[in-house]
Amino acid sequence: AVEYNIILSECAKRSLVESALGVLDAMERRGTAANVYNYNTVMSACSRAGHLHTAFNVFARMQSKGVEADSVTYGSLINACGKACDLDRALVVFQAVKDSGATPDVVMYGTIIDTYGKHGRIDHALHLLNEMASVGVLPNSHVYNSLIASCGKHNRVSTAFELFEDMQAAGLRPDNFTLSSLLVGCGRAGLADKAWQLFDDMRASGVKMNKFVYNSVISACARCGHLDRAYAALDALQAAGHEPDSFTYSSLITACGNADDLDTAFSLFDSMASHGSTPDAFAVSSLITACGKANQMDRAFDVFESVKRAGLRPHINTYSSLIDACAKRGLLDQAFRLLDELRANGLEPNEFVFSALISGSGKAGLADSALDMFDQARAGRMPPSVYVCNATIDACLRCDQVDKAFEVLAEMQRLDLPPD
RNA sequence: UCUGAUAUGAAAU
């Protein structure tokens with residue numbers, strides 16, 4: 001069973017669910033009883049591949065064989081639910097562990113906290129952190145880092161910094177995960193100086209920083225419109241022996257866009273390929289956004305057309321940035337035409353597309369159109385996000401439809417989406 | 001140490 005598991009873990013690394021199941025079958029045929037490691041490893045493959053249903057099938061299979069589940073089994077199941085964005089199901093498994101009289105271990109807590117955080121349920125995540133203390137499970141740096149990252153992404157930077165203090169008080173060393181999470185949070189909150197100071201402190205302290213950290217500072221500087229600092233961080237990245245990658249480039253393009261240097265944005269984009277980075281949909285989207293910001297919509301459409309001319313079908317990110325730029329520049333008809341086009345290309349509008357169209361409609365005084373988009377967002381596979389709801393509320397209010405705005409608020413409560 | 005959890009790029013209020 002140990003040898004089989006070496007094969008199984010190779011399958012898991014590659015998310016090869018079918019192969020893993022095949023190995024499990026082969027074990028049975030050859031009369032080798034699968035042990036808990038084998039089942040756990042197959043479940044890990046399911047979780048990476050996002051095959052939640054299969055993960056539960058494997059769980060049932062191991063139980064029918066009389067193999068007892070351990071904490072790794074439950075941890076894997078919870079993770080599979082989280083990776084499949086099924087928070088409710090993750091909670092059911094987590095609760096089942098508690099109901100069995102066991103105390104969830106630090107990984108299970110960490111997994112649930114991470115899932116809550118990724119869903120923007122920061123308060124629920126923090127509540128579980130307190131619960132850990134009360135049941136005597138010590139949070140490790142995975143737990144803190146995950147929370148810090150989620151806070152940074154959901155407008156809770158000050159909480160992120162409190163957690164940063166807490167983890168140090170608990171004797172945990174901040175690492176590259178901590179640092180990049182904080183930097184991103186600062187960037188999103190517009191705290192350029194704080195981000196730069198953090199970066200400087202870490203440089204001075206001699207902590208080895210990886211490319212995630214350098215790219216995070218560059219992105220923070222870019223978001224805050226600090227082109228000079230973005231370049232300084234690029235120098236530091238290279239001085240540390242790293243090569244800029246496509247993450248670096250798309251941030252740099254954004255930095256130029258936000259510093260009103262559209263020509264440099266274009267030349268960075270054009271130089272990507274010769275520097276070993278494929279100009280991907282993120283770079284295209286950065287560039288289109290930069291054009292929109294500079295009020296050069298003709299250039300934005302040129303970029304869009306050049307993607308098509310290259311024989312590529314535009315990515316959803318490409319559409320969403322162009323739709324947003326159109327909506328912001330009052331080209332609402334074009335924006336809606338692009339919505340039709342992306343659907344005709346087999347793509348599904350995401351929450352960014354919807355909120356761009358909703359706020360564009362609101363600014364044009366078209367409450368019905370905004371509400372129609374809200375309904376379409378609700379009809380989608382994923383529940384509407386807080387952003388879509390907020391955009392709709394804002395659109396209703398701009399159109400003096402106060403009652404409608406309150407209906408959306410009520411809908412948020414029905415969806416258990418905490419208003420921010 | 002045969003199995004489970006954390007960080008980087010565009011964009012929406």
Side-chain angles (χ1 to χ4, degrees), chain A residues 1-9 12 35-45 47 70-80 82-83 105-115 117 140-150 152 175-184 187 210-220 222 245-254 257 280-290 292 317-325 327-328 350-360 362 385-395 420:
Chain A
V2 176
E3 281 85 359
Y4 278 109
N5 215 57
I6 295 171
I7 302 175
L8 285 172
S9 52
N35 64 18
V36 65
Y37 284 83
N38 301 137
Y39 287 110
N40 289 349
T41 309
V42 177
M43 284 170 53
S44 139
S47 145
D70 64 7
S71 49
V72 175
T73 313
Y74 291 108
S76 301
L77 262 188
I78 295 172
N79 185 38
K83 287 281 171 308
D105 67 13
V106 64
V107 177
M108 289 188 233
Y109 269 107
T111 310
I112 285 283
I113 287 177
D114 186 60
T115 306
N140 59 18
S141 49
H142 284 247
V143 176
Y144 278 107
N145 288 341
S146 159
L147 266 167
I148 290 172
S150 298
D175 57 17
N176 281 324
F177 283 79
T178 324
L179 194 51
S180 54
S181 302
L182 284 171
L183 288 167
V184 168
N210 64 17
K211 197 143 86 174
F212 283 79
V213 176
Y214 288 104
N215 281 340
S216 301
V217 206
I218 295 175
S219 142
D245 58 16
S246 45
F247 285 74
T248 320
Y249 274 99
S250 55
S251 291
L252 288 172
I253 291 169
T254 302
D280 58 14
F282 286 95
V284 169
S285 150
S286 305
L287 195 57
I288 289 178
T289 302
N317 293 355
T318 305
Y319 280 107
S320 90
S321 52
L322 189 56
I323 288 175
D324 178 57
K328 284 209 172 89
N350 61 22
E351 56 173 338
F352 293 99
V353 170
F354 282 124
S355 48
L357 290 168
I358 289 169
S359 56
S385 68
V386 195
Y387 299 99
V388 170
C389 296
N390 288 349
T392 312
I393 291 177
D394 180 69
D420 64 10

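Each chain gets a letter, A, B and so on, in the order the sequences are listed, and its residues count up from 1. Side chains included, hydrogens not; waters and symmetry mates left out as well; all remaining heavy atoms used. Model, not experiment: these values are computed from the prediction.
Counting non-hydrogen atoms under 4.0 angstrom, A:N350 reaches nothing in the nucleic acid. Backbone-only contact: A:V184 has heavy atoms under 4.0 Å from sugar-phosphate atoms and none from a base. The residue A:N210 sits close to a base: some heavy atom pair falls under 4.0 Å. Residue-level contact check: A:V213 touches neither bases nor backbone, having no heavy atom under 4.0 Å from any strand. Residue contacts for A:M108: at a heavy-atom cut-off of 4.0 Å it reaches a base atom on one of the strands shown. Within 4.0 Å of A:S355, counting heavy atoms only, lies at least one base atom of the nucleic acid. Nucleic acid contact for A:S250: base, since at least one base atom lies under 4.0 Å from a heavy atom of the residue. Within the 4.0 angstrom heavy-atom criterion, base atoms lie near A:S246. In this structure, A:D105 reaches the bases: a heavy-atom distance under 4.0 Å links it to at least one base atom across the strands shown. When heavy atoms are screened at a 4.0 angstrom cut-off, A:S216 is found touching the sugar-phosphate backbone but no base atom. Residue A:N317 is classed as a base contact, given a heavy-atom separation below 4.0 Å to a base. Residue-level contact check: A:T248 touches neither bases nor backbone, having no heavy atom under 4.0 Å from any strand.
The base of B:A7 has none of its N or O atoms less than 3.5 Å from a complementary donor or acceptor on the side chain of A:S181. Residue side chain A:S180 reaches the base of B:A7 through a donor-acceptor N/O pair under 3.5 Å, judged by distance alone. A:N140 contributes a side-chain N or O that forms a donor-acceptor pair with the base of B:A5 under 3.5 Å. Residue A:S76 places no side-chain atom within donor-acceptor reach of the base of B:G4, judged by atom type and a 3.5 Å distance cut-off alone.
Nearest approach of A:A327 to A:G360, heavy atoms of both residues: CB-CA, 4.1 Å.
Rounded to an integer number of Å, the gap from CG of A:N40 to C1' of B:U1 is 15 Å. Protein atom CG of A:L179 is 19 Å distant from nucleotide atom P of B:U6, rounded to whole Å. Rounded to a whole Å, the CD1 atom of A:I148 is 15 Å from the C1' atom of B:A5. A straight line from CG of A:D280 to P of B:A10 spans 12 Å, rounded to a whole angstrom. For the pair A:N38 CG and B:C2 C1', the interatomic distance rounds to 8 Å; values are reported in whole Å. Remark: P of B:U13 and CG of A:L357 are 12 Å apart, rounded to the nearest angstrom. Between the CE atom of A:M43 and the P atom of B:G4 there is a distance of 12 Å, rounded to whole Å. One can place CD1 of A:I78 at 15 Å from P of B:G4, the figure rounded to the nearest angstrom.
Using a distance-only test at 3.5 Å, with no hydrogens or angles considered, a donor-acceptor pair links the side chain of A:S216 to the main chain of A:F212. When atom types are taken as modelled, the side chain of A:N145 and the backbone of A:I148 share no donor-acceptor pair closer than 3.5 angstrom. Using a distance-only test at 3.5 Å, with no hydrogens or angles considered, no donor-acceptor pair links the side chain of A:N5 to the main chain of A:L8. The backbone N or O of A:N215 lies less than 3.5 Å from no partner atom in the side chain of A:S219, so there is not a single donor-acceptor pair.
Nearest to the side-chain atoms of A:D394 among the listed nucleotides B:C2, B:U13, B:A7 stands B:U13. Distances were taken from every side-chain heavy atom of A:S9 (C-beta onward) to each of B:C2, B:A12, B:A10; the shortest belongs to B:C2. Side-chain atoms of A:V2 lie closest to B:C2 of the nucleotides B:A7, B:A12, B:C2. The side chain of A:N390 approaches B:U13 more closely than any other nucleotide in the set B:U13, B:U3, B:A10. Checked against B:A7, B:A5, B:A10, the side chain of A:T254 finds its nearest nucleotide in B:A10. When distances run from any side-chain atom of A:A149 to the nucleotides B:A7, B:G9, B:U3, the shortest one goes to B:A7.
Lacking a ring centre under 5.5 Å from that of the base six-membered ring together with a plane angle below 30°, A:F282 does not count as stacked on B:A10. Put simply, A:F247 rests on the base of B:U8: the two rings are less than 5.5 Å apart at their centres and nearly parallel, under 30°. B:C2 has its base stacked against the ring of A:Y37, the centroids being under 5.5 angstrom apart at an interplanar angle below 30°.
Every salt bridge (Lys or Arg N to Asp or Glu O under 4.0 Å) that A:D245 has, sequence neighbours left out, goes to A:K211.
No side-chain heavy atom of A:N317 sits under 4.5 Å from any side-chain heavy atom of A:V284.
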